[in-house]
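Counting starts at 1 for both ligands and their atoms, following the listed order.
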Amino acid sequence: MQINEVLSKASVIPVLEVAALKDAAPLALALAAGGLEVIELTLRTACALEALEAMKIAAPSLIVGMGTIRSAGDIEQSTAAGADFLVSPGASTSLLGALAGAGVPALAGVATASEAMTAFEAGFAAMKFFPAEPAGGIAYLKSLAGPLPDVVFCPTGGITAEKAPAYLALPNVACVGGSWIATRAMIAQSNWDEIEANAKMAASLK
Ligand code: 3PG
């Protein structure tokens, strides 16, 4: 799979934090039932690797990426667990090299024109723009479209259901990421119906 294939299946990628392994399967089922095809699990809880495996078993049709990738070790563990793609919040030169050689597609994290140019030189034409709202949001992405016409972004960070459509209307935005579809609180409270409803709403955005 190439990154463009992943991005073509998603307008909204839910960014998920699973703290308890038992929540992984019902969460995956709720997101899939809502019509989402691509999700990002963050590598920032003790059970994240096992949760990724559990989500893929529960909902085999889902494309499950691992986010919060910060090191070559993170890449190794995540691909071994079956991650379909990788997402990093930012990218050092060595991490860009490791992501490029990971064997699965990746969205390297950038927040400035210089970082986007560095990632482009390393072979990435699709990037996570993070943290989207604090880093300049829609105005910043509009400014990048002229000088970097061959780069597409997945803005993430501070995006809500209300803000998502304006991002998705930008020509250099392939999709948006966000935790609003399934927040930590919703997951901890087993609010699967609410998560499914949010997923349905997110899946309807174009
Ligand atoms: C991430 O982990 O990629 C972001 O923190 C998600 O951002 P949000 O919680 O503001 O949607």
Heavy-atom side-chain contact between V151 and M117 under 4.5 Å: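 Sidechains of M117 and V151: no contact.
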Within 6.0 Å of CE in M1, more than 12 heavy atoms from elsewhere: yes
Expected output: side-chain S179 to main-chain V15 donor-acceptor under 3.5 Å: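 No: the side chain of S179 does not pair with the backbone of V15.
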Sorted by chain and number, the residues that approach ligand 1 to under 4.0 Å with a heavy atom: V15, R44, K128, F130, T156, G157, G158, G178, S179
Member of T68, L41, T42 meeting the side-chain contact (heavy atoms from CB on, under 4.5 Å) criterion with E17: T42
Qualifying residues under side chain to side chain donor-acceptor pair (under 3.5 Å), relative to D23, sequence neighbours excluded: none
Parallel, tilted or perpendicular: ring planes of F129 versus F153, cut at 30 and 60 degrees: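 Answer is perpendicular, since the angle exceeds 60°.
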